[in-house]
Structure formats: structure tokens, C-alpha cells
Amino acid sequence: MLLRRGQVDLTTTDQRLLDSTGEADWVHTDPWRVMRIQAEFVEGFGALAELGPAIGVFGSARTPTDHPHYAQGEEVGRLLVEAGFAVITGGGPGAMEAANKGASEAGGVSVGLGIELPFETGLNAWVDKGINFRYFFARKTMFVKYSSGFVVLPGGVGTLDELFEALTLLQTQKVTEFPVVLLGTAYWQGLLDWMRDVVLADGKIRASDLDQLHLTDDPEEAVRIVVDRIDGGSPSRPAGSYPE
């Protein structure tokens with residue numbers, strides 16, 4: 001960094017470090033936040049480095065425990081553990097709790113990656129290994145780095161965010177093989193129709209982008225798709241198939 005004229009600081013870095021007087025506002029500055037961000041990445045990598053194969057399960061925090069989507073989440077968590085995977089969720093209530101519960105009760109590794117929010121109450125009781133993040137982007141990195149695919153139950157804005165994050169990484173080849181299964185035909189079909197009839201028809205995406213999504217109502221089929229895609233792999237996307 002180059003400083004000249006009025007931008008030159010007449011104090012030294014050591015002097016400011018050792019000065020015990022003054023305000024504590026410096027702990028809220030952007031350079032200090034960099035250290036917090038770094039700490040979140042270090043903590044996440046350290047906690048999950050030996051996790052083994054895992055699948056991310058997403059869905060609404062507002063799903064009631066007596067809703068069919070909750071039961072599907074539990075079944076997905078159980079089936080993934082039986083297939084040899086750990087289960088990673090956002091650690092919250094609703095569909096996330098259901099998947100964590102299914103995984104934990106099946107004797108598998110149940111992971112929750114929480115986020116600091118004003119209306120969240122912390123990690124659900126079925127998370128056996130949990131991390132709470134301040135920053136969404138650090139949390140997202142952990143989901144993609146340590147998940148081999150996603151199963152997406154009906155959800156709201158946060159669920160859509162994770163879904164389209166995965167699709168963007170696939171389209172731009174940031175990840176090369178990452179199965180994404182949407183569970184709930186009645187819920188997701190309208191979105192897929194819009195992407196095909198409007199977005200694809202207008203040339204904003206390619207048909208191969210939609211091929212990355214798999215739709216089903218059956219938790220067993222959802223898990224089977226994920227396992228088959230991971231075990232068998234799929235051909236690389238054609239050269240030049242990037243967003244324009």
C-alpha cells in the first residue's frame with residue numbers, strides 16, 4: 001500500500017499496537033473482520049477434514065414436525081447413513097432437524113452448520129457435530145467442500161440460495177460432479193417449468209444445465225440417484241458451456 005501527502009500516518013503500527021489508550025472501535029473494523037473470517041475457515045476445515053463422504057440436506061426451517069416433509073427428511077437422513085454417508089444440514093429446525101434426526105438415530109454422523117441470525121435459537125438437538133458461523137460465505141464453502149451432493153426438500157429463500165449456488169458452481173465448472181436432487185414434485189415442478197419455458201427458451205441457460213437437477217417424490221430414489229451419480233460419475237460438461 002502506497003501512502004503520500006495527507007494520507008501518511010505519522011504513527012507506526014507497533015505504536016498503535018502497544019498503545020493501551022483509546023477507543024475499542026478497532027475490533028469492529030474491516031481488517032479485524034478478516035481475522036474473524038479466517039478463523040471461521042480454519043475452524044470449519046479443522047472440524048470437517050476427517051468427516052468422510054457426506055451429503056448436504058436442505059429444506060425449510062419452518063417445516064412442522066407433523067408435516068410429511070419432516071418425515072421425508074428423517075427418512076432421507078436415515079437412508080444416507082445406511083448408504084455410508086454423513087449428513088450435513090444448516091443445523092436449524094424444521095426439515096434440517098428432520099434430516100439430522102434421521103442420521104443420528106441411524107447411528108451416523110449428523111452435522112449442523114449453523115448461522116448467526118436474530119431469529120434462530122442455535123443448533124437443533126440432533127446435531128452431533130456442529131459449528132456456528134457468522135458469515136454466510138464461509139458456511140457455504142463448508143457445505144460445498146465437504147458435501148458430495150445435495151438433497152433439497154421444500155424450502156424458502158435460504159433453500160433456494162443453496163440450490164442455485166450449487167447450480168452456478170456446476171455451470172461454471174467450479175465443481176465437476178455434484179448431484180442435486182429435488183424432493184417433492186408438487187413443490188418444485190413449477191420452478192423447473194419456469195426455468196425450461198422461460199429461462200432456457202430465452203437462451204439464458206443451456207438444456208444441460210437443467211440436466212443437473214433430478215426430481216422425485218421418493219426418498220429412496222433421491223438417495224439412489226445421489227449414490228449412483230457419485231459412484232458412477234458423469235461425463236464432463238462440454239467445453240464452452242459457461243454462462244454468457
Side-chain angles (χ1 to χ4, degrees), residues 41 43-59 72-92 95-96 98-104 106-114 126-131 133 136-153 155 158-184 188 208-216 218-237:
F41 279 109
E43 182 179 1
F45 292 153
L48 302 176
E50 299 179 356
L51 179 62
I55 300 297
V57 180
F58 297 100
Q72 285 187 323
E74 282 191 73
E75 188 174 0
V76 166
R78 175 181 61 80
L79 291 170
L80 286 171
V81 167
E82 292 175 357
F85 293 93
V87 171
I88 305 177
T89 79
M96 294 174 282
N100 284 131
K101 181 180 179 182
S104 182
V109 181
S110 176
V111 179
L113 305 181
W126 295 100
V127 169
D128 299 321
K129 176 177 285 190
I131 309 170
F133 291 86
F136 267 115
F137 53 85
R139 179 180 182 243
K140 284 184 176 181
T141 299
M142 301 305 151
F143 275 124
V144 176
K145 179 173 177 59
Y146 293 104
S147 297
S148 300
F150 287 162
V151 176
V152 188
L153 283 82
T159 302
L160 292 170
D161 179 48
E162 295 293 351
L163 169 60
F164 280 98
E165 175 87 7
L167 290 178
T168 300
L169 294 174
L170 283 164
Q171 186 190 63
T172 56
Q173 295 187 354
K174 295 297 185 181
V175 293
T176 54
E177 175 55 31
F178 200 88
V180 179
V181 181
L182 304 178
L183 189 57
W188 295 112
S208 56
D209 296 323
L210 290 178
D211 292 340
Q212 305 293 337
L213 293 172
H214 306 273
L215 181 62
T216 181
D218 182 6
E220 289 190 3
E221 183 180 5
V223 172
R224 184 168 61 250
I225 291 170
V226 168
V227 172
D228 289 347
R229 287 290 297 271
I230 292 171
D231 288 346
S234 64
S236 299
R237 291 171 55 81

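Keep in mind that the numbers below use all heavy atoms, side chains included, and drop hydrogens, waters and symmetry copies. Nothing fancy with the numbering, it's 1 onward along the sequence.
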Report task. Before accepting this row, confirm whether a basic side-chain N of the pair Glu220/Arg224 lies closer than 4.0 Å to the acidic partner's carboxylate O. Result -> no
**Report entry** Residues in ring pair (Phe, Tyr, Trp, His ring centres under 6.0 Å) contact with Phe164, at least two apart in sequence or another chain
**Finding:** none
Report task. For Gly184 and Leu215, work out which heavy atoms get closest and say how close. Result -> O-CD1, 4.0 Å
Query raised in the report: From Asp161 CG over to Phe58 CZ, what is the distance, rounded to the nearest 0.5 angstrom?
Result: 9.5 Å
Report task. Evaluate the criterion side-chain contact (heavy atoms from CB on, under 4.5 Å) for residue pair Phe133 and Met142; output intermediate values, then yes/no. Result -> CA-CA 10 Å; Phe133 291 86; Met142 301 305 151; 3.6 Å; yes
Requested in this report: Kindly say whether Phe143 contributes a backbone atom to a donor-acceptor pair with the side chain of Ser147 at under 3.5 angstrom?
Outcome: yes
Report summary line: Per side-chain contact (heavy atoms from CB on, under 4.5 Å), Val226 is matched among Val151, Val180, Asp231 by Val151
Query raised in the report: Can you tell me how far CE of Met96 sits from CG of Leu113, rounded to the nearest 0.5 angstrom?
Result: 11.0 Å
Query - Minimal non-hydrogen separation, Ala99 against Val57, with atom names - result: CB-CG1, 3.7 Å
Query raised in the report: When rounded to the nearest 0.5 angstrom, what is the spacing between CG in Leu213 and CG in Leu167?
Result: 4.5 Å
Query - Distance-minimising heavy-atom pair for Asn100 and Val87 - result: ND2-O, 4.3 Å
Query - Nearest heavy atoms of Ala222 and Leu183, plus distance in Å - result: CB-CD1, 4.3 Å
Query raised in the report: Quick one: CG on Leu79 to CD on Gln72, what's the gap to the nearest 0.5 Å?
Result: 11.0 Å
Requested in this report: Let me see the working for Val111 and Val109 under side-chain contact (heavy atoms from CB on, under 4.5 Å), right down to the final yes or no.
Outcome: CA-CA 6 Å; Val111 179; Val109 181; 3.8 Å; yes
Query raised in the report: Of all residues at least two apart in sequence or in a different chain, which pass the ring pair (Phe, Tyr, Trp, His ring centres under 6.0 Å) check with Phe85?
Result: none
Requested in this report: Check the pair Ile55 / Val76 against side-chain contact (heavy atoms from CB on, under 4.5 Å), numbers first and verdict last.
Outcome: CA-CA 10 Å; Ile55 300 297; Val76 166; over 6 Å; no
Report task. List the steps, then state whether side chain to side chain donor-acceptor pair (under 3.5 Å) holds for Ser110 with Asp128. Result -> CA-CA 5 Å; Ser110 176; Asp128 299 321; 4.5 Å; no
Query raised in the report: What heavy-atom pair brings Ile88 and Tyr146 nearest, and what distance separates the two atoms?
Result: CD1-O, 3.7 Å
Report task. For Thr89 and Trp126, run side-chain contact (heavy atoms from CB on, under 4.5 Å): C-alpha distance rounded to whole Å, both residues' side-chain angles, the deciding distance at 0.1 Å, then the answer. Result -> CA-CA 11 Å; Thr89 79; Trp126 295 100; over 6 Å; no
Report task. Rounded to the nearest 0.5 Å, what's the gap from NZ on Lys129 to CG on Leu51? Could you check? Result -> 6.0 Å
Report summary line: Taken to the nearest 0.5 Å, the spacing of Thr176 OG1 from Leu169 CG works out to 11.0 Å
**Report entry** Where Ile230 and Ser148 come nearest, the two heavy atoms and their spacing
**Finding:** CD1-CB, 3.5 Å
